[in-house]
Amino acid sequence: MKNKKSFAPQEAEARPSRCPDNSAFKQQRLPAWKPQLTIATVLSTFFLTGAFCLSVGICLILSANSVKEIQINYSDKCSDCSKLRENSFNWNIECLCSIDFTLKEDMLGDVFMYYGLQNFYQNHRRYVISRSDAQLLGREVNVQQSYCAPFTTYKNGTPMAPCGAIANSMFNDTIDLFYNFNSSVIQVPLLKTGNSWWTDKNVKFRNPQSHNLSSAFAGTARPPYWQKPVYLLDEENERNNGYINDDFIIWMRVSAFATFKNLYRRISRERHFADGLPAGNYTFRILYNFPVTKFKGKKYVILSTMVWSGGSNPFLGIAYVVCGAAATLTGFIITAIHLKLRKKKTYFQK
């Protein structure tokens, strides 16, 4: 028994200690800033924050309201073409629709053309994942093992390029703009390229490597709802074809809401349109291909300018105003509570 007791202290000394080191960091003795919250610092923080948010919000709202924008619902005005597209057997019949409108004021600066869709739900889970990112990077993949189903292959085994529901439902209306000037009709020059993000064009989307695109996509077929193969999306510009086509890239960036707009074209600032779009009479000529009646949707074409804060969406400005108003109101409430408590304190001291 004595031998056992003599070994106990030695075993305790041999065990590693679980106590943290006696350092300033591990013992939490580092110098720290401990703010002393007084009524003056608290109220000044709330009022300064409120003033800052209110001023920024008002500037953003005024900036958004200065954007000039015109929006035309052409799904109703092109009702004949809409009825034609209800029957899928008429897919190869062209339907052209013309819409006249008037610009009452000049749209100076850069002018952007958008197409808008209403009641088109791109945020459905199975729709969002119905794509193959590896295929869009130009790699050889087995699309049957991807999330593209049911738009993977045809019955004969030919793979679709690109595959997936997102690509299959790509917006394919063709919209041209004409300026009616002194009894003559001038086509407004539109820019097809330079509308997508640099990261999309150079990182997320790439064409298969080959001496030409037609051979690169040999052995594949277009999606069922497409009228052209992917390597002929832009017959005027060979560099804007395949997976790096700007219209295709923009469509593949799905929206979180059922009503959205995507950038379609930019006005080329040349000749009559060097300063933007002058006031006058214009005509949209639309090759109607994209059906919307089956899902009770609507289509819009939008012309808009841009300011330093972005487009005509006032949401950010409203958010700043709400936050600024809340901070200012909180400051007044704290001030009222402080004055009330101070009066009670002086009363009891008397």
Side-chain angles (χ1 to χ4, degrees), residues 62-78 80-81 94-117 171-198 200-201 228 232-241 244-251 260-290 298-314:
L62 293 176
S63 176
N65 291 337
S66 66
V67 173
K68 294 181 180 178
E69 182 176 294
I70 182 171
Q71 178 175 291
I72 297 175
N73 178 358
Y74 70 91
S75 54
D76 294 336
K77 295 185 177 182
C78 300
D80 293 338
C81 293
E94 291 188 354
C95 189
L96 192 64
C97 176
S98 297
I99 301 173
D100 298 325
F101 68 98
T102 302
L103 278 183
K104 297 181 180 179
E105 298 180 358
D106 295 340
M107 299 183 73
L108 301 178
D110 294 330
V111 182
F112 301 85
M113 181 188 295
Y114 301 85
Y115 63 85
L117 290 176
F171 182 85
N172 58 349
D173 284 359
T174 303
I175 306 173
D176 293 315
L177 180 61
F178 294 87
Y179 177 42
N180 305 318
F181 179 71
N182 292 337
S183 68
S184 61
V185 179
I186 304 172
Q187 185 170 5
V188 179
L190 303 175
L191 297 175
K192 296 182 179 180
T193 57
N195 301 325
S196 58
W197 297 347
W198 183 91
D200 288 340
K201 194 88 170 180
K228 302 177 182 178
L232 292 178
L233 289 178
D234 189 352
E235 298 180 359
E236 299 176 358
N237 186 356
E238 294 182 357
R239 296 183 178 179
N240 191 35
N241 271 316
I244 60 173
N245 176 266
D246 275 45
D247 293 337
F248 175 70
I249 291 175
I250 292 172
W251 177 260
F260 61 92
K261 66 178 183 179
N262 285 337
L263 181 60
Y264 182 69
R265 298 288 183 266
R266 290 178 293 126
I267 307 300
S268 179
R269 299 177 64 176
E270 57 185 68
R271 298 179 183 176
H272 295 84
F273 314 100
D275 298 325
L277 287 180
N281 297 321
Y282 289 84
T283 301
F284 279 121
R285 292 183 184 174
I286 303 169
L287 185 59
Y288 199 105
N289 293 313
F290 194 84
K298 293 182 180 180
K299 294 190 291 186
Y300 301 89
V301 58
I302 304 161
L303 292 174
S304 177
T305 58
M306 195 74 70
V307 291
W308 62 271
S309 60
S312 61
N313 191 349

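Owing to the predicted nature of the structure, the values given are computational and were not obtained by experimental measurement.
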S.K.: Report the residues that fulfil side chain to side chain contact (heavy atoms under 4.5 Å, CB included) with Gln71, sequence neighbours left out, ordered by chain and then residue number.
M.R.: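 For Gln71, the residues satisfying side chain to side chain contact (heavy atoms under 4.5 Å, CB included) (neighbours in sequence not counted) are Glu69, Tyr300, Ile302.
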S.K.: Could you work out, with side chain to side chain contact (heavy atoms under 4.5 Å, CB included) as the rule, every residue matching Lys201, not counting sequence neighbours?
M.R.: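 Lys201: side chain to side chain contact (heavy atoms under 4.5 Å, CB included) contacts with Ser196, Asn240, Ile244, Asp246, Ile249.
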S.K.: For a quick test of reading the model, state the closest non-hydrogen atom pair linking Asn241 to Leu232 and the distance between them.
M.R.: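 Nearest heavy atoms, Asn241 then Leu232: OD1-C, 3.4 Å.
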S.K.: Show the nearest heavy-atom pair for residues Ser304 and Val67, with the distance to one decimal.
M.R.: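 Looking at all heavy atoms of both residues, the shortest contact is OG-CG1, 3.5 Å.
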S.K.: How many angstroms lie between CG in Asp234 and CZ in Phe248, if you round to the nearest 0.5 Å?
M.R.: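 The CG atom of Asp234 sits 14.5 Å away from the CZ atom of Phe248.
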S.K.: Roughly how far, to the nearest 0.5 Å, is CD1 of Ile250 from CG of Asn245?
M.R.: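 The CG atom of Asn245 sits 9.0 Å away from the CD1 atom of Ile250.
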S.K.: Which pair of heavy atoms, one from Ser309 and one from Ser63, lies closest together, and at what distance?
M.R.: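 The pair with the smallest heavy-atom distance is OG-OG, 2.8 Å.
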S.K.: List for me each residue that meets ring-ring contact (aromatic ring centres under 6.0 Å, His included) alongside Phe284, sequence neighbours excluded, and say none if there are none.
M.R.: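 Checked Phe284 against ring-ring contact (aromatic ring centres under 6.0 Å, His included); matches are Phe101.
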S.K.: I need the minimum non-hydrogen distance between Ala279 and Glu105, along with the two atoms involved.
M.R.: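 Taking Ala279 first and Glu105 second, the nearest heavy atoms are CB-C, 3.8 Å.
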S.K.: Is there a side-chain contact between Leu263 and Tyr114, using heavy atoms and a 4.5 Å cut-off?
M.R.: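 Counting from C-beta outward, Leu263 and Tyr114 do come under 4.5 Å.
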S.K.: Tell me whether the count of non-hydrogen atoms from other residues, nucleotides or ligands lying under 6.0 Å of CD in Glu238 goes above 12.
M.R.: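 Open.
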S.K.: Go through the structure and list residues passing salt bridge (charged side-chain N to carboxylate O under 4.0 Å, His left out) with Lys77, not counting sequence neighbours.
M.R.: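 Lys77: no salt bridge (charged side-chain N to carboxylate O under 4.0 Å, His left out) contacts found.
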S.K.: Under the side chain to side chain donor-acceptor pair (under 3.5 Å) test, which residues partner Asn237, sequence neighbours left out?
M.R.: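 With neighbours one apart ignored, the set is empty.
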S.K.: So, the side chain of Asn262 versus the backbone of Tyr115: is there a donor-acceptor pair under 3.5 Å, distance only?
M.R.: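 Absent.
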S.K.: Ignoring hydrogens, what is the shortest heavy-atom contact between Ser66 and Val307? Give both atom names and the distance.
M.R.: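 Between these two residues, the closest heavy atoms are OG-CG1, 3.7 Å.
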S.K.: Are the side chain of Ser75 and the backbone of Lys299 linked by a donor-acceptor contact shorter than 3.5 Å?
M.R.: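 At least one qualifying donor-acceptor pair exists.
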S.K.: Listed by chain and number, what are the side chain to side chain donor-acceptor pair (under 3.5 Å) partners of Asp76, not counting sequence neighbours?
M.R.: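 Partners of Asp76 under the side chain to side chain donor-acceptor pair (under 3.5 Å) test: Asn73.
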S.K.: By side chain to side chain donor-acceptor pair (under 3.5 Å), which residues pair with Asn180, not counting sequence neighbours?
M.R.: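 Counting only residues at least two positions away or on another chain, Asn180 forms a side chain to side chain donor-acceptor pair (under 3.5 Å) with Thr283.
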S.K.: Identify each donor-acceptor pair in which a side-chain atom of residues 264-276 lies under 3.5 Å from a protein atom, sequence neighbours left out, and give them as a table.
M.R.:
from, atom 1, to, atom 2, distance (Å)
Tyr264, OH, Asp173, O, 3.4
Tyr264, OH, Ile175, N, 3.1
Arg265, NH1, Asp247, OD1, 2.9
Arg265, NH1, Asp247, OD2, 3.3
Arg265, NH2, Asp247, OD2, 3.3
Arg266, NE, Asn195, OD1, 2.7
Arg266, NH2, Thr193, O, 2.7
Ser268, OG, Glu270, OE1, 2.8
Arg269, NE, Ala274, O, 3.0
Arg269, NH1, Asp110, OD1, 3.1
Arg269, NH2, Ala274, O, 3.4

S.K.: Using the ring-ring contact (aromatic ring centres under 6.0 Å, His included) criterion, which residues pair with Phe178? Sequence neighbours excluded.
M.R.: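 Here no residue qualifies.
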S.K.: Cys78 and Cys95: sulfurs closer than 2.5 Å?
M.R.: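 Their SG atoms do not fall under 2.5 Å; no disulfide, then.
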S.K.: Closest approach of Gly280 and Tyr179, non-hydrogen atoms and distance?
M.R.: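 Shortest heavy-atom separation between Gly280 and Tyr179 comes out as CA-CE1, 4.3 Å.
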S.K.: Rounded to the nearest 0.5 Å, what's the gap from NZ on Lys261 to CE on Met113? Could you check?
M.R.: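 Output value for this atom pair is 13.0 Å.
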S.K.: Distance from Tyr74 atom OH to Ile99 atom CD1, nearest 0.5 Å?
M.R.: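 Tyr74 OH to Ile99 CD1: 8.0 Å, rounded to 0.5 Å.
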S.K.: Report yes if some heavy atom in the side chain of Tyr282 is under 4.5 Å from a heavy atom in the side chain of Val188; otherwise report no.
M.R.: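 Yes, close enough: below the 4.5 Å cut-off.
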S.K.: Taking only residues two or more places apart in sequence, or in another chain, which ones meet Asn281 in a side chain to side chain donor-acceptor pair (under 3.5 Å)?
M.R.: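 If we apply the side chain to side chain donor-acceptor pair (under 3.5 Å) test to Asn281, skipping adjacent residues, the hits are Thr102.
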S.K.: Nearest 0.5 angstrom please: Ile72 CD1 to Leu303 CG, how far?
M.R.: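 One gets 7.0 Å once the value is rounded to the nearest 0.5 Å.
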